[in-house]
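Order of appearance sets the numbers: ligands from 1, and atoms from 1 within every ligand. FYI, side chains are in, hydrogens and waters are out, and symmetry mates aren't considered; it's all heavy atoms of this structure. Note that the structure is predicted; figures quoted are calculated from it, not measured. The residues of the chain are indexed from 1 along the displayed sequence.
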Amino acid sequence: MSRHEEVAAGLASVRGRIEKACAAARRDAEEVTLVVVTKFFPASDVRLLADLGVVHVGENRHQEAAAKAGECADLPLVWHFIGGLQSNKAAAVASYSQVVESVDRRKLLAPLSHGAHQADREVEVLLQVSLDPPDRAGRAGADPADVAGLAAAVEEAEGLALRGLMAVAPLGEDPATAFARLADVRRELLADHPHADWLSAGMSGDLEEAIHAGATHVRVGSAVLGSRAPVQ
Ligand SMILES: *Cc1c(COP(=O)(O)O)cnc(C)c1O
């Protein structure tokens, strides 16, 4: 099998899973955007994906993302940044990412705003919510209790558009339970910010549960592209 056939098969399988999950949840499959996570895979794979009709791609490390976005600048792609953000890199991330999904603290807003201004466009922002217990080591994302304050701060930031929430299901918990909690956080956000209706949740292993809980964006890597080198 050529790499093209391999990627096409992975993509077809994931698109099929999304359609099935939408049917089961009585949702329109058009409501769910597939973001293919291309971290650890080469720019040539990104090109194949674009060829196969993929528009949204996700990356989680600034250096790798910047290089790939540069190599693929001729393609009509929307880059989503989904990884941990350092405030000293945030402006640079905003220069190639149309969507930054991993905003979890106020300190990131000024540099993101600055990056949006320099790139002369609006950056779409998702607030990453932590679904982990508060004491979990390496916890990524804002505490659910901090979401309202953070959302208000994004609304005030120049060049940033609040679009919704992002989360990763914790290890060792049924993703359906975790995503049900996320849906509650989202309901509260929507009460104050009705336009912030994106929900990025669900990966290769749990996209069905996420779609059931209302995900509008699923971030899928290995189920499309194959397994990554075991570093991460
Ligand atoms: C790597 C990654 C994904 C994709 O994970 P897969 O299990 O390969 O589908 C999704 N979201 C985030 C935040 C990631 O870092």
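Ring geometry for H56 against H80 counts as perpendicular: the plane angle is over 60°, on a 0 to 90° scale with 30° as the lower cut.
Across the listed options Q128, R219, K39, K39 owns the non-hydrogen atom lying nearest to atom 14 (C) of ligand 1.
Near I82, meaning under 4.0 Å from any of its heavy atoms, are these atoms of ligand 1: 11 (N), 12 (C), 13 (C), 14 (C). Residue-ligand proximity, V220 to ligand 1, at heavy-atom distances under 4.0 Å covers atoms 9 (O). Against a heavy-atom cut-off of under 4.0 Å, G221 is close to the following atoms of ligand 1: 4 (C), 6 (P), 8 (O), 9 (O).
At a 4.0 Å cut-off, not a single heavy atom of E101 sits close enough to ligand 1 to count as contact.
Note: L150 CG to L165 CG = 10.0 Å, rounded to the nearest 0.5 Å.
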Sequence neighbours excluded and cut-off under 3.5 Å, please list the side-chain donor-acceptor pairs for residues 153-163, or say none.
residue	atom	partner	partner atom	Å
E155	OE2	H193	ND1	2.7
E155	OE2	H195	NE2	3.0
R163	NE	E124	OE2	2.5
R163	NH2	E124	OE2	2.9

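Ion pairing between a basic and an acidic side chain is recognised when a charged N comes within 4.0 Å of a carboxylate O; K68 and E64 show such pairing.
Judged as a ring pair (Phe, Tyr, Trp, His ring centres under 6.0 Å), not a single pair has a partner in residues 7-33 (not counting sequence neighbours).
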